[in-house]
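By convention in this document, chain letters (A, B, ...) are assigned in the order of the sequence lines, proteins followed by strands, and residues within each chain are numbered from 1.
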2 protein chains.
Amino acid sequence: MDLPKTLENAVSQLKRLPGVGERSALRLSLSILNWDDENIRNLSSGIENLLNIKKCESCNSLADDVLCELCKDPRRNESQMMCVVESMSDLLAIENSGEFSGSYFVLGGVLNPLKGIGPDQLGVSKLCKKVVDGNTETVVLAINPSIEGDATCSYINEVLPEAIKVDRIGFGVPIGGSLEYLDSLTISQALKNRKSL
Amino acid sequence: MDLPKTLENAVSQLKRLPGVGERSALRLSLSILNWDDENIRNLSSGIENLLNIKKCESCNSLADDVLCELCKDPRRNESQMMCVVESMSDLLAIENSGEFSGSYFVLGGVLNPLKGIGPDQLGVSKLCKKVVDGNTETVVLAINPSIEGDATCSYINEVLPEAIKVDRIGFGVPIGGSLEYLDSLTISQALKNRKSL
């Protein structure tokens with residue numbers, strides 16, 4: 001049986017969400033159909049309004065305004081530390097840990113010549129300018145471990161002025177993780193990163 | 001950290017979808033943000049257009065038009081059988097089995113006096129009229145087993161004219177199911193519904 005076209009269209013749109021297949025998209029559509037008109041409109045406009053979201057001019061993270069909340073906050077630069085992340089979700093993960101009180105810079109990806117992502121796409125020169133202008137003392141590269149991630153870290157370390165301390169976030173056994181189930185690369189990193197007690 | 005308001009709003013809207021929590025809603029929103037403007041607009045309007053979907057005047061299922069595709073199809077009434085279901089998703093499940101070629105009637109729920117759902121809310125008189133007008137010989141109640149579902153079946157059986165054969169869909173062991181893991185109610189039904197070979 002063919003679904004009504006309106007429903008079919010909603011299904012094919014929802015299907016493009018990550019982790020949503022044909023069946024879940026249909027389930028979502030049928031459940032939305034049970035909502036009040038007001039709620040359906042709110043969901044639709046909530047999604048459409050995402051078009052209005054801006055990139056913070058200073059750190060490239062997402063913002064309602066020219067600057068994001070963190071760049072507007074004067075208390076966030078006291079530590080003279082800047083954390084460089086790949087994406088907004090990585091930034092949020094670090095913020096949620098509550099362990100970092102410096103500023104951020106969002107690259108929006110990692111160097112990947114095959115996909116045409118070079119230093120310009122990541123805004124590396126903007127990063128360098130922000131580091132120098134902000135008198136940043138330490139840059140923490142919180143970039144996920146991968147071949148491209150490692151290359152990106154090396155590249156940023158190269159182009160930043162020598163006087164600036166560049167650290168990479170520590171690798172090792174995750175809390176709650178079990179040695180038994182960890183891959184050997186993580187274990188070898190954890191052995192290298194051992195700390196005297 | 002507070003999310004940008006636009007993002008926060010999208011998250012709180014998406015969170016209302018079934019099976020989507022705070023974290024998944026954020027993941028969905030961030031992934032939508034990586035889409036083309038065109039695709040974001042399509043998703044938003046796809047959802048908003050669900051407001052335009054109609055109830056088929058004949059069978060109460062969803063339709064683009066006054067009548068749904070199945071009620072428009074002259075071949076679908078030949079068997080003089082009508083299947084009564086609770087919801088559009090149940091209708092689709094039966095259609096997908098390819099085993100039923102009659103017409104449908106969607107109740108939109110089951111009798112539930114505590115929630116104020118009586119025969120009027122389910123359109124039982126409309127169902128009776130459709131059965132009589134369409135010279136339906138057999139009504140198959142494909143209503144899920146539950147106290148309310150059972151009551152709804154009894155009620156419909158009472159109000160339909162005596163001449164009409166009223167069946168309820170068969171209960172038993174699902175194909176691919178294992179006796180070991182089935183609840184005792186299902187097993188007792190399966191024993192009652194045994195068939196001689």
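A pairwise comparison of heavy atoms in B/Leu43 and A/Gln13 identifies N-OE1, 3.6 Å as the closest pair. Closest of all the heavy-atom pairs between B/Ala10 and A/Gly46 is CB-O, 3.7 Å.
B/Leu191 and B/Leu179 fall within the same hydrophobic cluster, defined by Ile, Leu, Val, Met, Phe, Trp and Tyr side-chain heavy atoms under 4.5 Å apart, directly or through other members. When the side chains of ILVMFWY residues are joined at heavy-atom separations under 4.5 Å, either directly or via intervening members, A/Val159 and A/Leu111 end up in a single hydrophobic cluster. Clustering ILVMFWY residues whenever any of their side-chain heavy atoms sit less than 4.5 angstrom apart, transitively, puts B/Val131 in a cluster other than the one holding B/Val106. The cluster map of Ile, Leu, Val, Met, Phe, Trp and Tyr, joined by side-chain heavy atoms under 4.5 Å apart, puts B/Val132 and B/Ile156 in different clusters. Tracing side-chain contacts under 4.5 Å through hydrophobic residues (I, L, V, M, F, W, Y), one never reaches B/Val166 starting from B/Phe100; they form parts of separate clusters.
Chain B forms the most heavy-atom pairs under 4.5 Å with one residue out of A/Asp65, A/Asn9, A/Asp73, A/Leu7, and that residue is A/Leu7. Between chain B and the options A/Leu91, A/Val11, A/Leu70, the largest number of non-hydrogen pairs under 4.5 Å is found for A/Leu70.
Contact check for A/Ile47 versus B/Leu14: side-chain heavy atoms found under the 4.5 Å cut-off.
Both the backbone and the side chain of B/Leu62 come within contact range of chain A, with heavy atoms under 4.5 Å apart. Using a 4.5 Å cut-off between heavy atoms, A/Asn49 contacts chain B through both its backbone and its side chain. Heavy atoms of B/Glu95 lying under 4.5 Å from chain A belong exclusively to its side chain. If you measure heavy-atom distances from A/Glu69 to chain B, the contacts under 4.5 Å come from the side chain alone. Interface residue A/Leu50: backbone and side-chain heavy atoms are both found under 4.5 Å from chain B.
More than 12 heavy-atom neighbours from other residues, nucleotides or ligands sit within 6.0 angstrom of NZ on A/Lys72. Residue-environment remark: NZ (A/Lys5) stays at or below the threshold of 12 foreign heavy atoms within 6.0 Å. B/Asp2 CG: 12 or fewer foreign heavy atoms inside a 6.0 Å radius.
Atom-to-atom distance recorded for A/Cys68:SG and B/Leu3:CG is 11.5 Å, nearest 0.5 angstrom.
No donor-acceptor contact under 3.5 angstrom links the side chains of A/Thr6 and B/Asn52, judged on distance only.
Within residues 15-41 of chain B, the residues that have a heavy atom under 4.5 Å from a heavy atom of chain A are B/Arg16, B/Leu17, B/Pro18, B/Leu26, B/Arg27, B/Leu28, B/Ser29, B/Leu30, B/Ser31, B/Ile32, B/Leu33, B/Trp35, B/Asp37, B/Asn39, B/Ile40, B/Arg41, listed by number. Of all residues spanning residues 112-121 of chain B, none has a heavy atom less than 4.5 Å away from chain A's heavy atoms.
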